[in-house]
Protein chains: 2
Amino acid sequence: MTVATLPPSRRGASQRRRAPEIIEAAALVFAQRGFHGATTQDIADVLGIRQASLYYYVSSKEAALELVCLRGVEGFFEAGKAIAARPDPAREKLSLLIISHLSPMLDRGNFVKVFLNERQHLPAESRRRIGRWSRGLERIFEQVIDEGVAAGEFRAGLDARLVTLAVLGMCNAASSWYLKENKGVPAIAAEFSRLVIDGMATRPAKRPPKRR
Amino acid sequence: MTVATLPPSRRGASQRRRAPEIIEAAALVFAQRGFHGATTQDIADVLGIRQASLYYYVSSKEAALELVCLRGVEGFFEAGKAIAARPDPAREKLSLLIISHLSPMLDRGNFVKVFLNERQHLPAESRRRIGRWSRGLERIFEQVIDEGVAAGEFRAGLDARLVTLAVLGMCNAASSWYLKENKGVPAIAAEFSRLVIDGMATRPAKRPPKRR
DNA sequence: AAGTTATTCTATAGCTCGATAGATGGAATT
DNA sequence: AATTCCATCTATCGAGCTATAGAATAACTT
């Protein structure tokens, strides 16, 4: 083989090794203080480096925001699409969508929070790019709901759009309190699923008790 | 009587007549760009006055934020308390709470939005003061829910805290989309109430069909 | 060890923004 | 007409922030 030393075009092979660490710090700071409330100095302090050193990794503060937001949405849409494609009943799929929507809070909470609250401050270009994912995910919820209505699983006449916005609002809000409240993601997801599917009311004296 | 001309301490009687207009402009700008993203120049532009003239009405940008936030919560708590005190069944009260929580969006949307998204940037002092109202309102929801469970109206075992956070999240999210979506507040409130009380699911072959 | 590449540093330019001070003009009061 | 008060204006200070330029060090390769 003629792989003498190394493909000459990528000798160093890995540059900016700390890059992920840098955007993680940016996510933390943006989540705490908001994009405009945060300074690049704040981010540098978290990393223990000088403010100017950040620019070795990131071309601008806004670019950092975009990277953080991207990690905040990536996966959501793909995961959602996979769930919607399953052959399961709609109620099952909706539950899975809720779980899938809450899970990233565990390992990427700051990224999600920044995506939800700060994406409006992205430059128009990248905001549109990221908004596409958002709307895609909304459509997935709506489709699953419509499907459930068509199959008779869900009430006829319910407004799929409003229900979608309700469920997403409910889930997204979790990013702002899930650290303070001491509930695990599975417990939250279970309660939420049950809430939107079965509601809070006791069935008026008619649970399905095996049929006696 | 010696009230010769006028109570000397308040001769002019009404000063800063435009004050409400000024904080309305602040609410608009804070809602659009966020507290730190907004400049006092932006606010002045909306009013058609010079940036420095704002300081005749407001002692600082942060003070303006507090005024906006105050108008964003005021009323919520009082209205909620009145509803909780009614003799109606819990499901009825919960519906009213949802309506009451969505209504301010009509005439004070920007104030509510700013309260929800920007209160974190208030100086510690006023943030605590405002946080008290917030928590009070949460407690009202929780109590009504607990009450409903105790009365057998709501499922036993549901987590009042999580349900409260779900309902509030759902309602609060509306502040970010109710302008774009073309739904009236009553329609939204009705769909949301029905959702959390009855759920989406069709009753599993056992609506109360008169009993056959 | 020498050379090269990767990473961080110092220093600072260039803005923008919040806030203050004091002047100006108009309206109301006497 | 003279006086007082309200509202807005002009001008500017000083601080803080993003971003750039180029030097200095650390790490790696040969």
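In the text below, chain A, chain B and the rest are named by the order of the sequence lines, each starting its count at 1. Side chains are part of it too, since the values below use all heavy atoms of this structure and drop only hydrogens, waters and symmetry mates. None of these values were measured; they are calculated from a predicted model.
Distance, B/Gln41 CD to D/dC9 P: 11 Å, rounded to whole Å. Rounding to whole angstrom units, CZ of residue A/Phe30 and C1' of D/dT18 are separated by 12 Å. Atom CZ of B/Arg16 is separated from atom C1' of D/dT8 by 12 Å (rounded to the nearest Å). Note: NE2 (A/His36) to P (C/dT16) measures 14 Å, nearest angstrom. As a whole-Å value, the separation of B/Leu54 CG from C/dA19 P is 10 Å. If you measure from atom OH of B/Tyr57 to atom C1' of C/dT20, you get 18 Å, rounded to the nearest angstrom. Going from atom CD of B/Gln15 over to atom P of D/dC6 covers 4 Å, rounded to whole Å. At whole-Å resolution of the value, CG in B/Asp45 and P in D/dC9 are 11 Å apart.
In this structure the side chain of A/Arg119 reaches within 4.5 angstrom of the side chain of A/Ser134, judged on heavy atoms. Residues A/Phe76 and A/His101 have side chains in contact (heavy-atom distance under 4.5 Å, counting atoms from C-beta outward).
Regarding contacts with the backbone of D/dA7, a side-chain N or O of B/Tyr56 is found under 4.0 angstrom from either OP1 or OP2. The phosphate of D/dA7 has neither OP1 nor OP2 within less than 4.0 Å of any side-chain N or O from B/Ser53. Regarding contacts with the backbone of D/dA11, every side-chain N or O of B/Arg50 stays at 4.0 angstrom or more from both OP1 and OP2.
Atom CZ of B/Arg161 has more than 12 neighbouring heavy atoms from other residues, nucleotides or ligands inside a 6.0 Å radius.
Remark: A/Arg91 is not positioned above the aromatic ring of A/Phe154, lacking an NZ or CZ atom under 6.0 angstrom from the ring centre and at most 45 degrees off the axis.
Ion pair A/Arg155/B/Asp198 not flagged as a salt bridge, since none of the NZ, NE, NH1 or NH2 atoms sits closer than 4.0 Å to an Asp/Glu carboxylate oxygen.
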Exercise. Can you give one letter per nucleotide of nucleotides 19-28 of chain D, going 5' to 3': B for a protein heavy atom under 4.0 Å from the base, S for sugar-phosphate only, - for none?
Worked result: BB--------
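Heavy atoms of B/Ala19 sit nowhere under 4.0 angstrom from any nucleic acid atom. Using a 4.0 Å heavy-atom cutoff across all strands shown, B/Thr39 reaches sugar-phosphate atoms only and no base atom. Residue contacts for A/Ala38: at a heavy-atom cut-off of 4.0 Å it reaches the sugar-phosphate backbone alone, with no base atom in range.
Partners of B/Gln41 under the side chain to side chain donor-acceptor pair (under 3.5 Å) rule, at least two apart in sequence or in another chain, are B/Asp45.
If you run side chain to side chain contact (heavy atoms under 4.5 Å, CB included) between A/Phe30 and each of A/Asn110, A/Asp42, A/Val114, only A/Val114 comes through.
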